[in-house]
Amino acid sequence: MATAQTDPGDMIQTVGRSWGWILFFGIISILAGIVITAHPSSSVFAFAILWGAWLFVAGIFRLVEAIADSGETGGMRVLMAILGILSILIGLFFMRHVYQTVAIIAFLLGLFWVVGGIIEFVVAVSHRDMPGRGWRIFMGILGFIAGLIVLAEPGISLVTLAWVLGIWLVVYGIMEIVVSLQVRKLEHA
């Protein structure tokens, strides 16, 4: 007879390890990337809201991952929690201050990509048995490079920034889907 999970830590760990959530997040990332790439000259308002919402959701997923992954060291969990908090804060800023200049948005986005890329890379490199480790390393490098490009050109046009963002979201979403399928295989092993 199965017993219901009553420990909140067990419930969070179950959610955090669910391949379905990773798959869902990958699909949402691809759809957001396609929408942004298809309409690159959209207003700053729409761009800020869409990207802010994505960063907010991504931050929640990273926080759940940091809390749920009891197999990780404390340091790695703290890094993932920092990435989650940074993502939530920047997402909220984007949604609240939609009429800020493209330079401010570009700077914050570049900063997030650089920091997020470094953290993603360090976490993946330090865990040899991590599912989708190669993809995570690649995502970290991709995020870091995209961040450097945006930081080097803070006055980048909205259209160019939207194209970079859209393409990055599509690639990131595809990689998340691949990771979800690898996690699914482990779940059934």
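Throughout, numbering of the chain's residues begins at 1 and tracks the sequence.
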If you define the side chain from C-beta out and look only at heavy atoms, does anything of Leu169 sit under 4.5 Å from Thr37?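 SC-SC contact between Leu169 and Thr37 ruled out.
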Non-hydrogen side-chain atoms of Leu23 and Glu176 separated by less than 4.5 Å: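 They are not in contact (no side-chain heavy atoms under 4.5 Å apart), so the answer is no.
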By side-chain hydrogen bond (donor to acceptor under 3.5 Å, both in side chains) - contacts of Arg133 (at least two apart):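 Counting only residues at least two positions away or on another chain, Arg133 forms no side-chain hydrogen bond (donor to acceptor under 3.5 Å, both in side chains).
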Residues two or more places apart in sequence or in another chain: which of them pass side-chain hydrogen bond (donor to acceptor under 3.5 Å, both in side chains) with Trp54?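 Checked Trp54 against side-chain hydrogen bond (donor to acceptor under 3.5 Å, both in side chains); matches are Ser29.
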In the single-linkage hydrophobic clustering (I, L, V, M, F, W, Y; side-chain heavy atoms under 4.5 Å), do [X] and [Y] co-cluster?
X      : Y      : answer
Trp113 : Phe107 : yes
Ile82  : Ile60  : no
Ile88  : Val78  : no

Residues in side chain to side chain contact (heavy atoms under 4.5 Å, CB included) contact with Ile174, at least two apart in sequence or another chain: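 If we apply the side chain to side chain contact (heavy atoms under 4.5 Å, CB included) test to Ile174, skipping adjacent residues, the hits are Ile30, Val170.
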As an exercise, state the distance from [atom1] of [X] to [atom2] of [Y], rounded to the nearest 0.5 Å.
X     : Y      : atom1 : atom2 : value
Phe56 : Met95  : CZ    : CE    : 6.0 Å
Ile27 : Ile22  : CD1   : CD1   : 12.0 Å
Ile36 : Leu165 : CD1   : CG    : 4.0 Å

Test side-chain contact (heavy atoms from CB on, under 4.5 Å) on Trp135 and Gln182 and set out the steps. CA-CA 11 Å; Trp135 287 112; Gln182 290 175 343; 3.9 Å; yes
Mind checking whether Tyr172 and Trp168 have parallel, tilted or perpendicular rings, split at 30° and 60°?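 Parallel: the ring planes of Tyr172 and Trp168 meet at under 30°.
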Closest non-hydrogen atom pair between [X] and [Y], with its separation:
X      : Y      : value
Leu142 : Val171 : CD2-CG1, 3.5 Å
Leu55  : Gly91  : CB-CA, 3.7 Å
Val122 : Met76  : CG1-CE, 4.1 Å
Gly84  : Arg62  : CA-CB, 3.6 Å

Is there a donor-acceptor pair closer than 3.5 Å between any side-chain N or O of Arg136 and the backbone N or O of Phe121?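 Flag not set: sc Arg136 to bb Phe121 has no pair under 3.5 Å.
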Hey, does the side chain of Ser87 reach the backbone of Ala58 with a donor-acceptor pair shorter than 3.5 angstrom?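 It does not hold such a pair.
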Criterion side-chain contact (heavy atoms from CB on, under 4.5 Å) on Leu83 and Phe112, from CA distance to verdict: CA-CA 8 Å; Leu83 179 58; Phe112 172 76; 3.7 Å; yes
So Ile28 and Val57, side-chain contact (heavy atoms from CB on, under 4.5 Å) or not? Walk me through it. CA-CA 10 Å; Ile28 294 299; Val57 171; over 6 Å; no
